[in-house]
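The structure appears below as structure tokens.
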Amino acid sequence: MESSTHRDRDAEGRARNARPRDGLGRPLPYGAGGVARQPEGVTRSPEETVREAQRLLDAGMPFHAHEVFEDAWKSGPAQEEPLWRGLAQLAVGLTHAARGNAKGGASLLDRGTGSLATYAARDGAPTYGIDLAGLAVWARALADRLPGPVDAAAEAPRITR
């Protein structure tokens, strides 16, 4: 039963929304079918992160891909934070664009591109085969087409070269 005072909480008492979500991360009514949520706080290698996020992007689930990138951002080395944050922002930008939020989508695509540019400017920063320049081109092209219909799976970028 849902009430205005009820809040979903995890085992540690932190607020967690337990409502099911669709493939774009939109909350659905309690009891509705939804897609499996990404577990939080998973530590993956950079290669595993890229592989899992690409799988989710290809499936039209950029919101879920953003959660994978967010795990890498929060658990990885501090110097790689702009890389993983930028990728998470691009995934959320695609999410907003596919939901019809052109302004939010364009803003996040721009911020993600900026984060990746900051990272790319660092000498010797590992890229794990991620195509930073190609992602910037993809993000700018998508932002320039907004507003307009966006199919998250069809518009999913290739993360690696």
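Values below: every heavy atom of this structure, side chains too, minus hydrogens, waters and symmetry copies.
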Can you find a heavy atom in the side chain of Leu116 that is under 4.5 Å from one in the side chain of Leu90? yes

Over all atoms of both residues, closest heavy-atom pair of Leu94 and Pro157: CD2-CD, 4.3 Å

Looking at every non-hydrogen atom in both residues, tell me the closest pair between Arg122 and Pro82 and how far apart they are. NH2-CG, 3.7 Å

Taking all atoms of both residues into account, what is the closest heavy-atom pair of Ser115 and Gly86, and its distance? CB-CA, 3.5 Å

Sidechain N-carboxylate O distance under 4.0 Å for Asp22, Arg99: no

Below 4.5 Å, heavy atoms only, C-beta onward: do Arg145 and Glu155 meet side chain to side chain? yes

Do Gln54 and Asp58 have side-chain heavy atoms sitting under 4.5 Å apart? yes

Thr95 OG1 to Asn101 CG distance, which is reported to the nearest 0.5 Å: 10.5 Å

I'd like to check Phe63 versus Leu24 (side-chain heavy atoms, cut-off strictly below 4.5 Å). Are they in contact? no

Do you see a donor-acceptor pair shorter than 3.5 Å between the side chains of Thr49 and Arg44? no

For this output row, return yes or no: ring centroids of Phe69 and His66 closer than 6.0 angstrom. no

Applying salt bridge (charged side-chain N to carboxylate O under 4.0 Å, His left out), can you list everything that pairs with Arg140, at least two apart in sequence or on another chain? none

Given side chains that start at C-beta, do those of Glu80 and Tyr119 come closer than 4.5 Å, heavy atoms only? yes

Do Pro62 and Val92 have side chains that get closer than 4.5 Å, going by heavy atoms? no

Would a 4.5 Å heavy-atom cut-off, applied to side chains only, mark Leu132 and Leu83 as touching? yes

Any donor-acceptor pair under 3.5 Å linking the side chain of Asp71 with the backbone of Gly41? yes

I need the minimum non-hydrogen distance between Gly93 and Leu108, along with the two atoms involved. CA-CB, 3.7 Å

